[in-house]
Structure formats: structure tokens, C-alpha cells
Amino acid sequence: MIGTYPPRLNRSGTPPRHPTFLRHRPGHDADQSKRAVPSMTASSRERSLTSLVHGVGLGYLRRLLPPPWLALALLATTTTWMALSTHDLIAICACAIALGGLLVHWPQRRKRAWPLWRTCALGLAAAMEAVPGWAHQDLLRAVLLLVATASTLHMLARLVAAIRLSLRLQRSARAMDDASLLAMLPDEAREDAHRWRGGDDSKSAELQLVVNLAALWAALSAVNAADARAKPRPM
């Protein structure tokens, strides 16, 4: 017959509060609380405003380029011109000139500035199609081809410069911290940012837009200041 063993008494004559394998070493609870605090702090630090800053350089590059439908319309016009005309070189040169002017001057479209030399070249291409015999003139064909080549090179140079600038803006935006982003936000957006960092996602879409615009403005200012410092000072 198996009997029940009485609990083991300690020196004071009272049984222990819990078995040995459930005992905690001294300071164990304090260590657990210390471990829990950094984990909670780390989880709160993960919700940073810098996580909303993405695509700043790509967004700036998209603003510099015309909409896709406009480029497709230009290509469709060129294809129709080539289908109706027997001089494909004239249509291709006119398309290169028009596309170069569209890409280069789209950021300045509100100024309604169009270069005179591109306008004259497009007029020459139209005259070569309309006036009999002009399409076979070697001098006119050479001039039109030269202008189309210059327009294409000008467009490529501007496109490469825009890509480089967008990459610099993206690097500058990634280098920002929460303090600099909060300082640039208006009062209402700053309050929304504090609530978002606390876990409120009710205005996350609007906050992301405002934060990206603020980061873009700060990145442009930083890049312009760096370019100004890099310029040699007049003696």
C-alpha cells in the first residue's frame, strides 16, 4: 500500500511554498521584466515615419515624364504617317524631334515654351512631304536627319540627368529620421503622425502622402544645397 508522503519541512518547520522544480532563482522575475521591456520598446520603435518614405526618387521622375498615353499617341501618329507616306525617313525624324521636345519640355509645360529649332524642323518635315521633289533633296534630308539626331541626344542627356537626380533624392530621403520628418509636417499632420506611431491607422494613406511630399521637399533642398557648395566660388 502506497501511502502519502508528508511535505518536506524546512528549518523553520513550515513546508516550502512550491516544489523545487518550480522555484525561481533570486532576481528571476526582475530579469524577465527587463527582457520584456526592450522587446516592447523595439516593437514600438519599428513603427517609424521613415517606413512611410519610399519611392521619393521614382515619384519625382514620374513627374518629369509625360503620361504614357501621350507618348503612345505620338507613336500612333508616326505609324499612321509612315503608312500613308512613301518616305519613312521623314516620318521617323519628325517623330524623334517631337518625342525629344515632348520629354524635354514636359516639366516646363506651364510656361508654354517650345524651342524654335524643333518647330522649324517639324515644319521642314511637313514641307518635304507636301512639296513635290523636296523629299528627294539630299541637303534637306541631311539637315532633317541632323536635327533629329541632335534632338535625340538632347533628350537622352536630359533623361540621364533626371535619373541621376532621382537617385540622389532617394538617397537623401532615406537618410532622414523621425525628428526631421516631424519638424517639416504641419500641426495637423504632426498630430496624425503621433497617433499613427501609437498604432492608429485611420489616416495612414493621407499621412504617407504628406510625409513623402515633405521628404521630397527636404531632399530637393539638400541636393540643391550640396550643388551650391560644390560650385566653385568666383575669385
Side-chain angles (χ1 to χ4, degrees), residues 52-131 134-135 137 140-174 204-224 227:
L52 299 178
V53 179
H54 59 84
V56 174
L58 183 59
Y60 179 78
L61 185 61
R62 287 176 180 174
R63 291 182 178 91
L64 294 181
L65 299 178
W69 65 266
L70 193 55
L72 292 176
L74 181 58
L75 293 178
T77 303
T78 305
T79 304
T80 305
W81 190 345
M82 293 176 63
L84 298 177
S85 176
T86 57
H87 307 286
D88 294 342
L89 179 63
I90 299 177
I92 294 174
C93 290
C95 176
I97 295 170
L99 184 61
L102 179 64
L103 291 177
V104 170
H105 296 278
W106 180 256
Q108 303 175 356
R109 58 190 179 276
R110 294 183 179 180
K111 297 180 180 180
R112 297 180 181 180
W114 186 266
L116 181 61
W117 61 279
R118 281 194 172 93
T119 305
C120 295
L122 291 176
L124 176 61
M128 291 175 66
E129 284 284 354
V131 179
W134 279 30
Q137 294 290 332
L140 296 180
R141 292 168 66 92
V143 170
L144 187 62
L145 184 60
L146 180 62
V147 174
T149 304
S151 177
T152 304
L153 293 177
H154 187 209
M155 175 191 67
L156 292 177
R158 288 292 186 89
L159 187 59
V160 170
I163 293 175
R164 293 179 60 184
L165 178 58
S166 64
L167 293 176
R168 292 179 62 188
L169 292 176
Q170 186 64 32
R171 288 194 297 267
S172 179
R174 286 179 179 177
S204 58
E206 295 86 350
L207 182 62
Q208 182 177 2
L209 178 60
V210 174
V211 169
N212 275 274
L213 289 175
L216 176 59
W217 180 83
L220 282 172
S221 302
V223 168
N224 291 333
D227 292 341

What heavy-atom pair brings [X] and [Y] nearest, and what distance separates the two atoms?
X: P66; Y: L103; result: CD-CD2, 3.3 Å
X: A162; Y: L64; result: CB-CD1, 3.6 Å
X: A173; Y: A219; result: N-CB, 4.3 Å
X: L216; Y: R63; result: CD2-NH1, 3.7 Å
X: I97; Y: A121; result: CD1-CB, 3.5 Å

Interatomic spacing from [atom1] in [X] to [atom2] in [Y] - rounded to 0.5 Å:
X: L122; Y: W117; atom1: CG; atom2: CH2; answer: 10.0 Å
X: L75; Y: T79; atom1: CG; atom2: OG1; answer: 6.5 Å
X: R158; Y: W106; atom1: CZ; atom2: CH2; answer: 16.0 Å
X: L89; Y: M82; atom1: CG; atom2: CE; answer: 9.5 Å
X: L70; Y: L65; atom1: CG; atom2: CG; answer: 11.5 Å
X: D88; Y: C95; atom1: CG; atom2: SG; answer: 12.0 Å

Which residue pairs pass the side-chain hydrogen bond (donor to acceptor under 3.5 Å, both in side chains) test when at least one of the two sits in residues 140-156, sequence neighbours left out?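 Sorted pair list: R118-S151, R118-H154.
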Those residues that, when tested against Q208, pass side-chain hydrogen bond (donor to acceptor under 3.5 Å, both in side chains) (two or more places apart):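 For Q208, the residues satisfying side-chain hydrogen bond (donor to acceptor under 3.5 Å, both in side chains) (neighbours in sequence not counted) are H54.
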Does anything in residues 78-101 pair up under ring pair (Phe, Tyr, Trp, His ring centres under 6.0 Å), and if so which pairs, sequence neighbours excluded?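 Output for this query lists H87-H136.
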